[in-house]
Amino acid sequence: MKELVEVIASALVDSQDEVVVTETEDDSQIVLNLTVAPADMGKVIGKQGRIAKAIRTVVRAAGSKSDKKIMVDIQ
């Protein structure tokens with residue numbers, strides 16, 4: 001999942017070297033923290049959060065085989 005978020009975010013931003021994804025796994029959930037440059041934050045979030053919502057939807061769909069809940073936090 002970490003690689004998927006990195007690929008999607010890198011395609012959206014200008015500063016690709018500042019894209020950092022950290023993965024924290026718990027018993028019931030997986031949390032992916034996406035950090036980008038402040039100048040690229042709007043590109044990742046999108047108008048009214050549409051791009052952020054689409055990223056979360058794709059990641060949840062890709063991880064639907066696992067029994068854990070997958071959350072994507074954008075910072």
Side-chain angles (χ1 to χ4, degrees):
M1 292 302 129
K2 180 179 175 180
E3 295 83 15
L4 176 62
V5 175
E6 286 176 351
V7 169
I8 293 171
S10 295
L12 294 172
V13 299
D14 291 331
S15 303
Q16 296 175 350
D17 55 334
E18 293 190 38
V19 174
V20 178
V21 179
T22 57
E23 184 174 349
T24 307
E25 192 166 344
D26 199 351
D27 290 337
S28 61
Q29 67 182 1
I30 299 172
V31 179
L32 299 167
N33 291 315
L34 171 62
T35 306
V36 295
D40 292 327
M41 187 63 73
K43 294 176 183 176
V44 174
I45 294 174
K47 288 186 178 180
Q48 297 180 354
R50 288 184 182 154
I51 295 176
K53 185 177 179 182
I55 292 170
R56 290 181 178 117
T57 303
V58 168
V59 171
R60 282 191 192 124
S64 64
K65 291 183 181 180
S66 69
D67 294 332
K68 296 184 179 184
K69 181 179 178 182
I70 300 175
M71 297 175 51
V72 177
D73 290 333
I74 301 171
Q75 302 172 350

Go through the structure and list residues passing side-chain contact (heavy atoms from CB on, under 4.5 Å) with Val7, not counting sequence neighbours.
none
Sequence neighbours excluded, every pair satisfying salt bridge (charged side-chain N to carboxylate O under 4.0 Å, His left out) that has a member inside residues 62-75:
Glu25-Lys68
Can you spot which of Thr22, Val20, Thr35 makes a side-chain contact (heavy atoms from CB on, under 4.5 Å) with Gln75?
Thr35
What's in the same ILVMFWY side-chain cluster as Ile74, cut-off under 4.5 Å, chained through other members?
Met1, Leu4, Val5, Ile8, Leu12, Val13, Val19, Val21, Ile30, Leu32, Leu34, Val36, Met41, Val44, Ile45, Ile51, Ile55, Val58, Val59, Ile70, Val72
Scan residues 48-57 for pairs that pass salt bridge (charged side-chain N to carboxylate O under 4.0 Å, His left out), counting only residues two or more places apart or in two chains.
none
Quick note, salt bridge (charged side-chain N to carboxylate O under 4.0 Å, His left out) partners involving residues 8-21, not counting sequence neighbours, are Asp14-Lys43
